[in-house]
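Every heavy atom of this structure was used, including side-chain atoms; hydrogens, water molecules and symmetry mates were not. Here is how names work: the chains are called A, B, and so on, in the same order as the sequence lines, proteins then strands, and each is numbered from 1. All figures in this text were calculated on a predicted structure; none of them were measured in a lab.
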Amino acid sequence: MDKDELDILRHTSAHIMAQAVTELYKDVRLGIGPTIEDGFYYDFDLDHTFTPDDLEKIEQKMREIIKKDIPLVREEISREEAKKLFEKAGATYKVDLLQKIEEPVVSIYRQGDFVDMCRGPHLKSTGRVKHFKLLNLAGAYWRGDENNPMLQRIYGTAWKTKGELDDYLNKLEEIAKRDHRRLGRELDLFSMSEDIGPGLAVYHPYGTTLRFIIEDFLKEEHKKRGYQFVISPHIMKASIWKTSGHYQMQYPMYFFDIEGQEYGIKPMNCPAHIHVYKSQPRSYRTLPLRFFELGTVYRHERSGVLHGLLRVRGFTQDDAHIFCLPDQIEQEILAALEFAFFALKTFGFEEYHVMLSTKPDKYVGTEENWERATEALKTALEDNKVSYEVDPGEGVFYGPKIDVKLKDALGRLWQGPTIQVDFNLPERFDMVFYGADNAQHRPVMIHRTVLGSVERFMGALIEHYGGAFPMWLAPVQVVIAPIADRHLGYATEILNELTANDIRAEIDERRETIPAKIRDAQMRKIPFTVVVGDKEEEAKTLAVRGRSGQDRRGVRLKELVLEIKEKVETKSSDEV
RNA sequence: GCCGGUGUAGCUCAGUGGUAGAGCAGCUGAUUUGUAAUCAGCAGGUCGUGGGUUCAAAUCCCUCCGCCGGCUCCA
């Protein structure tokens, strides 16, 4: 079924839900009820506060409306007429919507006594909606503005067939199983605690192993690409944040006092990198300079937005600042973009959604530089054959930017790399270089990340693989399961050989049965479980069980080592 | 921050005003085990926090905190 058809189905479902709510409750004022990916919602303003039990009641009512097979009738009326109609009905939000509509004629849809303003189109009658489910309740500000009243939103989903609905509901379950917060605990990767503080992750040994693998990869690749590594302090005096402007714009920072001096915890690494730049006179001959730091920053995110590793208060950016000549912008952006895609691909992300944000109404810098930088970003995208969308006017005031969102195994999008040109900070910090003309010129600054934040990326990575990491990323690559105590010696020999080859292995020494050891290793999503008993010890071989269930007997240790090393070196994501 | 939900053992959850429970995990013991859970026993909780109502509160009310689903914002 094509997308438009589904859209119509869901839109009609939203209308049926609105009718059901209107019939069930008094004084309901309708907000808007659009379709969204995989479903629909409708916003309501009413005295009654919905509870999860109400969803069932509303669904029941919707079924009645569907059973009656009420026709949906389109009418076109003038804006004025519509305004009168909705004013009379006390539909204040619809009247508010009408204020913003310029067309002289609007369409309304009637189904029985229920009327809603709507562009349409709709199904012919309510009976054509068959497979739907109301999912959850939420609060939402009218028109998304927190100065407006908050409405109650009901989310639902609707599909053409029962099979598709069931598939979708199963997918929701699958998503829940892959939730990085759940896997983080189950795989003993990280945890967060009320005692430590909200939005602050603590890495456990396995999580730290995974993080170091990611960080080592980043360091190596940055080195290859001509970045120089720097380190900056976590706290810096408030004055530098005044120079950067973060202080005045009330950036959500943490400030505190040391012996009468105000300090702030860094929410960004740029000022320190600029400081490195300014520590000596710079010549055009030495540009571009690329300073890289795995910089841990803290931002005071509002409590309601925190979410596992994906939205935290303390995180580490794979942050770099490139200082270059205006005519180097293009090559630098091209290189940065290639780098970002290379890294994402290495970690198994093959699909992206790329956004180019251009000059907003209020901006700093010259028209010419904006033009040049925006063109550079475009050219870099096109040279990389990346399809992208332009978000006109959505750039930050200091420069245009590229945002890359990655698509995971379940088709969800995650904020990843960003590349931003900055005309503001070089100005504010009065950065200069000496040109061939022996005069002082302003360098251009590019902020860029490859993965974004290590925390967020790890969260996305955990969900992408559902915790079943490819060999090179798996915190534990091999679990050795001796059948009885008498095999512990042989197991230790194997462990030592694996460890000597930089393979991350453990022995399951518990006095448990083999089925129990296998089950535990399987639940931990360990790539290989090596079972050793009398037969193996005698023949000096291994029985190797892969995570996907296949069992190989009589394997030589050397073969296994080579196989694992090969997978690690190629960063293969082939299942074992 | 705002709206709604929610908080009981390490984890998953039961317990609606009258003596805090289960499974898994943990510990102890027995079992020496061949590809997704061997058996038994033991231990573990000021029921998120502070206050209130009551003869009596995990249970009812209020405060604060955390978490979950959204809104808004972002790496």
[X] [atom1] to [N] [atom2]: how many Å, rounded?
| X | N | atom1 | atom2 | result |
| --- | --- | --- | --- | --- |
| A/K535 | B/U35 | NZ | C1' | 11 Å |
| A/E512 | B/U32 | CD | P | 14 Å |
| A/I518 | B/U38 | CD1 | P | 12 Å |
| A/H300 | B/C74 | NE2 | P | 16 Å |
| A/D520 | B/U33 | CG | P | 20 Å |

May I ask you to decide if A/L451's main-chain N or O and A/D318's side chain share a donor-acceptor pair within less than 3.5 Å?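 Between the backbone of A/L451 and the side chain of A/D318 there is a qualifying donor-acceptor contact (under 3.5 Å).
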For [X], answer base if it contacts any base atom (sugar-phosphate contacts may also be present), sugar-phosphate if it contacts only those atoms, and nothing otherwise; contact means non-hydrogen atoms under 4.0 Å.
| X | value |
| --- | --- |
| A/A481 | nothing |
| A/T418 | sugar-phosphate |
| A/N136 | sugar-phosphate |
| A/Q550 | nothing |
| A/K517 | nothing |
| A/R299 | base |
| A/R153 | sugar-phosphate |
| A/T51 | nothing |
| A/E301 | base |
| A/G452 | sugar-phosphate |
| A/G144 | sugar-phosphate |
| A/Q317 | sugar-phosphate |
| A/V312 | base |
| A/T513 | base |

Choosing from B/U33, B/C2, B/C11, which nucleotide comes nearest the side chain of A/R486?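 Comparing B/U33, B/C2, B/C11 against the side chain of A/R486, the answer is B/U33.
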Closest listed nucleotide, where the reference is the side chain of A/Q420 and the choices are B/G66, B/A75, B/U31: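 It is B/A75.
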[atom1] atoms of [N] and [M], separation to the nearest Å:
| N | M | atom1 | answer |
| --- | --- | --- | --- |
| B/C13 | B/U19 | P | 26 Å |
| B/G48 | B/C68 | C1' | 15 Å |
| B/U63 | B/G7 | C1' | 16 Å |
| B/C27 | B/U33 | P | 23 Å |

Tell me if the centroids of the rings in [X] and [Y] come within less than 6.0 Å of each other.
| X | Y | value |
| --- | --- | --- |
| A/Y93 | A/W142 | yes |
| A/Y155 | A/Y41 | yes |
| A/H204 | A/F190 | no |

Find which nucleotide of RNA chain B each of A/L137 and A/Y251 is nearest to by heavy atoms, and output the residue with the more 5' nucleotide. A/L137
5′-ward residue of the pair A/L309/A/R510 relative to RNA chain B: A/R510
Determine whether A/F528 and A/V479 make a side-chain contact, defined as any pair of heavy atoms from C-beta on separated by less than 4.5 Å. no
According to the interplanar angle, ranging from 0 to 90°, do the rings of A/H321 and A/H273 count as parallel (below 30°), tilted (30 to 60°) or perpendicular (above 60°)? perpendicular
